[in-house]
Structure formats: structure tokens, C-alpha cells
S.K.: 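Below are the C-alpha cells for one structure; questions will follow.
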Amino acid sequence: MKDKLIYILLTLASVITYGQVNLSLDADKTEYAGKDIVNLTIVLELNGSDLVQQTGFQLPDLSKFNIIGSGSVTNTVIDPATNTLITQKVSRIALEPKKKGKIKIGSVLVTVNNKIYKTEPFDVNIRDIIEKKSLASNTSNEVYLNMEIEDRDVYQDQPTVAVLKVYSRNMDNLRKVKNIRLPQQDNINVHPINFNKSEIDPSDNGNMASQILAVFMVFPNEAGYVEVPGVSASVSTYSNKNKIVSNKVKINVRKLPEGAPDGFKNAVGNFNVSVYNTTKEKPEAKKPLNVVVKVAGEGNLPDLVLPKIATSPDYEVFAPKITSKVSPGKTGMKGEILANYVVIPNKSGAISIKMEPFAFFDPENKEYVDVGQRILDVHTFSHDQVLESRSTVEKVNEYTNNLLETVDTPVLKTTSFKVKEKSKFHWSILLTNIAILLGLFVVYLLFKTWQKKRTLVRETVSQKPLGSVAETEKEIRELLKTDINDYFGYLENLKDNGEYEKFFITLEELDQEIRNQYFQSSVAEFKTFLEKHKGSSVAEQYGRLQQKIQMEKYSPVKSQEGIEELLKTIVNLYSQISK
């Protein structure tokens, strides 16, 4: 009887969880300003393979709004815990309110398996409708970012490609989107592919134009449902700068299969491993060797845990220096990563430098590949054996070098003597010498004349009055004045070459040179000086510029558009200050 009761309860639980339909309608907020856009999100989730959506979304009465844009996406995943098919359809509608006050948004209807489902109505409050006097004042509300991830079912540490698009009714707004900030989160690693803007794609209905802004790879480092946060950007106009954020995307990250080899850490892709010695001299005991562990291939290369050189009593190993050459590939980041170790053998003879075991997971074949343990065999010699193996010429060269480095020898000059034959007298040589003497005499006369003129000028200058302190300070400032155009040209070259670290170092030198012209040592003192002598507007511009420089300098992802905009601001402001 007890077993039958348990069976009945399990059957009821499976019926309850099987074939579940969830329908929701939400707005991004409940209260809007007159210039805000009302964003509605409709989510239909079908949990079960027997559920069929028979009708599309039947929208409520939206006559009090202008529909300025809409879009939808459908995701299908399998829940690894329950092995249940989950179908999710998400639709977004962007609305522009026509009137102020409280507006009711009705229910959305949909028919699934001959049953009608609907959402609960709700109210939104619209404050005063503000007439749009200019495009610049409402640019951010007419520009939308959308992040698209096509492959939303991947393995842990397997990349998926994300595409960032911008939408707007006015094509001119697309050129104002700058300073793209890719998402950052602990459970994902993000690597950019490119920030090249595509051609503008006009909309079919004429309302919204779109453009691709960036393409990047997302590497989820934990299993389960992972939500990729939105990408942020700024919409820059002549009057202000507004921030916009894209949608979030949820992806299903499958756990890696069981039975991973001992050498597996987190490498997912296809890789090759090698270890080799780069020291050109003969290996000698107690002398350092340069040993390189190289991992090459394609996958989560920038984020994988590199295999280390195993410890051994035969040698001493130090922490490596890591260098990488990585670029985007078709199935991940491709290239090579080098770990440069310094290894000191403790004895002479045969030594085996062993690398830790290494294995990776191949997502294409869905299997682990055990590379094993790479071993570098080195035969080291003692110091006496190295000396005995040298040739006679090498010994003589070493002895000579040691002698020259340790013994303070005088400089010896040897002259070879030989009997010169009598020859006839050369008149051409005599005439050449006479011409040289005459030339030297003329140069001496010119020098004396110039010296007399210089003495007269010095006496004239000494008779002039010294002038006031302000005039003297102005003359000194003119002498200290730097040609900032040289700095501008050099900063332009650094920006074009992508050398952003040198760009900001040179920018600090330029700022120091400008402050030295006015005898101001710190940024705060210089800002106070500008407010007194150049006006409060210039001082405020200088303060905002310093904040913008710090933001761009320490930004994790630097775009050429953002650096170019920063350089324009620098040229305009410093040219005005240095006049």
C-alpha cells in the first residue's frame, strides 16, 4: 500500500511539471518621463515537447502609443537536470507615448494546445510630454542596442560568438554611438573579435535602420544557465553624452563529460604542446638554462591553465615569464602561448626536465585528448668538462679576453720604418698647401669681424632697462613654450598604430609641459590658475578632460573611436590654453 501511494505521488508530480506554460508581459519601469520610450517584453515559455503554440501574440490596444520598433527571438534548449525540452519566445516592443497620465496596458493573448493564456493588465504613468526641440536632446531614447548570440547551447569553456547591433529611426544617430564596453562577469570570459562597423542596413518598413558595431567571443566558465550581461555604449552629441545598454542573453552551458584525464584543467579546443631548450651554449651544471613550454592551437587559449614544469631534485626551476600571440579564429582564439622558464641543473650528466601532464576536451568530437607528459632530455657537463671540450682557438680567445678585462695594460703604439725612395719635387702639393693657408687666414679675419659685432650688440643690450617682473616672466614663458603641434602629430601616430600605453604616457608629458609654461606644478593649481586667467569655462573643460583621460586610460577595452574623440578634445583645449 505504501509503494502504491509513492507511485501515485510521483505520477501527480510528473503531470504537474510536464506541459507547463508560462506567459508574462512586463515593462522596463512603471513611471516614465515624457521623452522616455516604453519598452515592453513578452515572454512565452513552453516546458514540454507536446506543447504547440497555435496563434501568435495577440496584443492589447496600443492606440495611445506610437509603435517605433519591435523584434522577437525564439530559443530552444534541453534542461540537463530533467531532460525536458524548453522553448522560449521573447518579443520586445518599443512604444512612444502620445499623451501624459496613467495609461493601462491590457493583456496579451496566446493559444497553446487549444487553451488560451493571457497576461495580467497593468498601468504605466507618463509624466509631462516634452516636445522634441532637437535631435540631440533625445538621441539616447531613439538609439537601441541589441546583442545577438546564435549558438546558445555550448560546453563549458567553449566559445560562442556574440554580435552587437545598434538600431535607430535616424541613420545619423548610428554614427554617434561610441565607447563600447563589453560585458564583464565572473562566470564568463569575453574576448573581442573586432570593432569594425558594418554598412548601415535600412529597415524593410522604413522605421528602424541597423548597423553592426562589434563582434566578440563569450567563454562561459561554469555549467548551467548563464546570463550574459548587456553591452553598454555612449551616444555622444554636441550638448551631452548618454549611456545606453543592450539586452541580456541567457545561454545553456553543458557540463563537460565525466572521465576527464588527470592532466585536464580547463583546456577546451584543439592544442599541441612542446617543450624545448633555447640556450645556445653547452648545458653546464649550476648554470641557468632557458626552457620554453609552448601551447599552440585554437580554443580558450588565453584563459587555459598552462602546464608547468614539474619539480625535481635534479634541477631548480623558477616562475616563468608568459608571452602570447593570440588572434580570433573560427572556433575560438588561436595562436600560441609561451612560458619561458629558467632552470638550473643541480648535477652533471643526464637530466630529464619533465612537464606536467596535459589534456584537453575536443568539443567537435566530444572527447578528451590526453597529450601526456612532455620530457626534455638534457645532458649537462661540469665546468672542467666544458673547459676540456673547448678548442685551442676558444681557449686562446678566452685567455686574451680575461687578460684584457683584468690587467691594466698601457696603450702601445708601433711604427713601421721603411726606406723611402727619392722623388722629384711636386709643385701641385706646394700650391695646394698655400691655398689652404690663405683660406685659413680669410676665415680668421671673418671671425674677428663677427666678434667685434657681437661685442657691440652685447653693450647695446646691457643698456636696455630690465623691465617689470611680469615682462620678465612673459619672456621666460616664451622661452619655455613648447611646440605642442609636435605632440599632437606624435599622439596622432600613436593612436593610428594602436600604441595606447605610449599614447597616455606622451599625453602626461604634454600636460606637464603646458603646466610648466605657467609655472604650475600640480593639476589642481593649474586648474585654479586657468579659472583666474582663462575663465571658469576653460577651467571646467580642463577638469572634465582630466577625468575623461583617466577613464579612457584605465578602461579594459579601448576603441579607436574613443581615443580619436579624446584626441580631438585635447587638441582643441590645449591649443586654446597655450595661446
Side-chain angles (χ1 to χ4, degrees), residues 24-30 32-33 36-43 45 68-75 77 88-95 138-154 159-169 173-174 176-198 208-222 224-236 240-253 551-552 554-559 561-562:
S24 63
L25 172 64
D26 297 310
D28 53 347
K29 51 186 178 179
T30 58
Y32 298 85
D36 291 343
I37 299 299
V38 179
N39 295 305
L40 300 181
T41 303
I42 306 172
V43 180
E45 189 174 287
I68 62 175
S70 63
S72 62
V73 63
T74 302
N75 304 321
V77 296
Q88 186 183 65
K89 183 175 182 181
V90 181
S91 295
R92 297 191 68 184
I93 305 174
L95 305 175
N138 196 37
T139 303
S140 63
N141 292 327
E142 295 187 354
V143 183
Y144 309 94
L145 291 179
N146 185 47
M147 179 173 56
E148 301 175 1
I149 299 180
E150 183 177 356
D151 189 3
R152 304 193 184 188
D153 188 10
V154 295
T160 181
V161 178
V163 179
L164 179 66
K165 287 186 177 181
V166 59
Y167 294 85
S168 179
R169 290 184 297 174
N173 292 339
L174 303 182
K176 300 176 182 178
V177 180
K178 300 179 180 179
N179 301 327
I180 300 171
R181 299 288 185 270
L182 298 182
Q184 294 182 354
Q185 200 165 266
D186 293 337
N187 56 358
I188 61 172
N189 298 314
V190 178
H191 298 281
I193 297 178
N194 65 70
F195 290 95
N196 300 328
K197 293 185 178 180
S198 67
M208 302 285 281
S210 64
Q211 185 181 33
I212 296 177
L213 295 181
V215 181
F216 54 94
M217 286 187 183
V218 179
F219 293 80
N221 53 41
E222 68 177 27
Y225 287 101
V226 175
E227 186 176 65
V228 180
V231 181
S232 63
S234 61
V235 183
S236 301
N240 57 7
K241 178 186 291 186
N242 298 313
K243 182 181 179 181
I244 55 178
V245 182
S246 73
N247 59 306
K248 302 177 181 179
V249 178
K250 182 179 289 186
I251 60 178
N252 178 35
V253 183
M551 292 175 60
E552 291 291 343
Y554 297 105
S555 173
V557 179
K558 296 179 176 60
S559 62
E561 292 82 1

S.K.: How about N39 and R92: do any of their side-chain heavy atoms sit closer than 4.5 Å?
M.R.: yes
S.K.: Can you check whether V218 reaches V154 side chain to side chain, under 4.5 Å on heavy atoms?
M.R.: no
S.K.: Sequence neighbours left out, what passes side-chain hydrogen bond (donor to acceptor under 3.5 Å, both in side chains) with D151? Give chain and number order.
M.R.: none
S.K.: Checking D153 now: which residues fulfil side-chain hydrogen bond (donor to acceptor under 3.5 Å, both in side chains) with it, not counting sequence neighbours?
M.R.: N252, R254
S.K.: Under a 4.5 Å cut-off applied to non-hydrogen side-chain atoms, are I188 and V228 in contact?
M.R.: yes
S.K.: Could you tell me which residues satisfy side-chain contact (heavy atoms from CB on, under 4.5 Å) with V43, sequence neighbours excluded, listed by chain and number?
M.R.: S24, T41, Q88, V90
S.K.: Taking side-chain hydrogen bond (donor to acceptor under 3.5 Å, both in side chains) as the test, write out the residues that go with Q185, two or more places apart.
M.R.: N187
S.K.: Identify the heavy atoms of L182 and F216 that sit nearest to each other, and give their distance.
M.R.: CD2-CD2, 3.6 Å
S.K.: With sequence neighbours left out, what residues match K250 under salt bridge (charged side-chain N to carboxylate O under 4.0 Å, His left out)?
M.R.: none
S.K.: Any donor-acceptor pair under 3.5 Å linking the side chain of S232 with the backbone of V245?
M.R.: no
S.K.: Would you say N194 has more than 12 foreign heavy atoms packed within less than 6.0 Å of its CG?
M.R.: yes
S.K.: Tell me, please, which residues at least two apart from N221 pass side-chain hydrogen bond (donor to acceptor under 3.5 Å, both in side chains).
M.R.: none
